[in-house]
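One structure is given here, and the rest of the page talks about it.
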2 protein chains.
Amino acid sequence: MTTTTRGFATIQQRDLVNQIADMLTEALLKGDFAPGAHLAEAQLARDFGVSRAPVREAARLLESRGMLVSQPRRGFFVRTFNAAELVDVYDLRLCLERHAIRSLAGRLTGEMETALNGQLDTMRRVAREGTAVQQIEEDVAFHRMLCEFSGNQRLVRVFDELCHEMRFCILLIGQLYDDPMRVADTHEPIIEALRTQDPEACEAALNYHIGVAQQRVVEMFREREQE
Amino acid sequence: MTTTTRGFATIQQRDLVNQIADMLTEALLKGDFAPGAHLAEAQLARDFGVSRAPVREAARLLESRGMLVSQPRRGFFVRTFNAAELVDVYDLRLCLERHAIRSLAGRLTGEMETALNGQLDTMRRVAREGTAVQQIEEDVAFHRMLCEFSGNQRLVRVFDELCHEMRFCILLIGQLYDDPMRVADTHEPIIEALRTQDPEACEAALNYHIGVAQQRVVEMFREREQE
DNA sequence: CGACTGTCGAGTGTCGACAGTTTGAAATTT
DNA sequence: AAATTTCAAACTGTCGACACTCGACAGTCG
């Protein structure tokens, strides 16, 4: 939230599209719509008390985020995942973060290390007293930092897109896949590897970390799939 | 209503959004719009002989492909690149292809090798008798194959997005950056490295190949920027 | 002379409506 | 009873219209 010189909050009359997109996102993450369900524009427009135009644009936005899919003349549907797609998402995530951490090894500044350690503290705090959603969010934030520190903003953008899908998947499963405090702890080796300045060690730590996460999520997802 | 102020051909009543998106893409690649130029919905709608709704959707599509950017209440503008963004694009491309080739080393099938060699032949053919656009297209197709062979479809999707931007940049420069036949030849070492089944060799070949391309493109772009 | 204000045109955000298509179920046939 | 056809309701794609916002320019006041 930016402020003006006088300290007023900037008035950003967030247009309808973004508001609707946020509401839809929330509803989707809460599981209000079944996977694969059809979203009727007119119905949503009535629900939100607006016309179909902004609903349509919001839906396209969620489509670009991979949470909805559209079929010509049939409309929008809640995105469904299969295990293979989930594997791909985590594999791509590994691809991105490995590239980031690799370019990072050897030029990690003190500031960066402080930021990462601070994020680790935050993760441990929400592991104790936060909600599941917060825990996921802080976990994502840690990995996002790695991407940001790579200096490649285009890479960060792809990471963000991936995150939408990961969030969606994880909340689709309906429960966290591990003890949040232990999850936080498993980020420690990554920082340590970065400190050694050894690219190989960094890659190994990340490989392991993401590999474990992928395995757990996919496993839980496969269990869910049996219904 | 056959001709328009900008001279676009008229379109049929099918799939308006995609047709408009294609025509806009073509116009953008041809350089009909200056970088940073404002695209007025109403004007385009008149030009195409349709209403603003499909134009708007097509513009959003191009926005998601990184060819346009939008500002609230101000509309769509032709995306501008700076050298740093171009560096990021090529860096991310290296990230993707390195991941692909790495997972490919050691499980390259005969079919894959045949396909790659076939593509190389195609590249050499269009280097002799094709247009610049074709040459770029076949070059992209080779690298896309590498991504496809990784088996990660999500990765291919990101690669495709990146390609839109690369195409746009390259054609923005207005000329090819190297002798097309030599460009084709530089793909040979990649296939050779894959044949050795050695991940390190594959990575090295790719690093070199993309590094050279990046350097050339960015260099030419910087020259252009001086105006 | 400089800064502020009012006005005007251009353009986006949103709306309600219409036409053609898809869907699901009733109606009919086998 | 199962399969097929028919048909109406629901829905999407597209359109034209209106209100509000933004930027430019000229005019006003100190």
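These numbers come from the heavy atoms of this one structure, side chains and all, not from hydrogens, waters or symmetry mates. Naming convention: chains lettered A, B, ... in sequence-line order (proteins, then strands); numbering from 1 in each chain.
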**Prompt:** Distance-only, no hydrogens or angles: does the B/Arg157 side chain make a donor-acceptor pair with backbone N or O of B/Gln153 under 3.5 Å?
**Reply:** no
**Asked** Do the non-hydrogen side-chain atoms of A/Glu85 and B/Arg154 ever get within less than 4.5 Å of each other?
**Response** no
**Side-chain N,O (A/Arg74) to OP1/OP2 (C/dT21) below 4.0 Å** = no
**Request:** Kindly write out the residues that satisfy salt bridge (Lys or Arg N to Asp or Glu O under 4.0 Å) with A/Glu63, not counting sequence neighbours, or none if the list is empty.
**Result:** A/Arg60
**Prompt:** Which heavy-atom pair separates B/Leu61 from B/Ala21 by the least distance, and what is that distance?
**Reply:** CD2-CB, 3.9 Å
**Asked** In terms of side-chain geometry, is the basic nitrogen of B/Arg125 or B/Glu138 positioned less than 4.0 Å from the acidic oxygen of its partner?
**Response** no
**Item:** Residue-level proximity of residues 52-62 of chain A to DNA chain C when a heavy atom falls under 4.0 Å
**Value:** A/Arg52, A/Ala53, A/Pro54
**Prompt:** What pairs of residues pass the side chain to side chain donor-acceptor pair (under 3.5 Å) test when at least one of them lies in residues 25-34 of chain A, not counting sequence neighbours?
**Reply:** none
**Message:** If I take atom CG in residue B/Leu16 and atom C1' in nucleotide C/dG20, what distance separates them, rounded to the nearest angstrom?
**Reply:** 13 Å
**Message:** The criterion is side-chain contact (heavy atoms from CB on, under 4.5 Å); which residues satisfy it with A/Ala53, sequence neighbours excluded?
**Reply:** A/Ser51
**Any residue of residues 39-50 of chain A with a heavy atom less than 4.0 Å from an atom of DNA chain D** = A/Leu39, A/Ala40, A/Glu41, A/Ala42
**Asked** How many Å lie between CG on A/Asp15 and C1' on D/dC22, as a whole number?
**Response** 15 Å
**Request:** Could you tell me which residues satisfy salt bridge (Lys or Arg N to Asp or Glu O under 4.0 Å) with A/Asp160, sequence neighbours excluded, listed by chain and number?
**Result:** A/Arg144
**Prompt:** To the nearest Å, how far apart are B/Phe76 CZ and C/dT12 C1'?
**Reply:** 10 Å
**Request:** To the nearest Å, give me how far apart CZ (B/Arg73) and P (D/dC20) are.
**Result:** 10 Å
**Request:** Look at A/His38 and C/dT23 and indicate whether a side-chain polar atom (N or O) is within less than 4.0 Å of OP1 or OP2.
**Result:** no
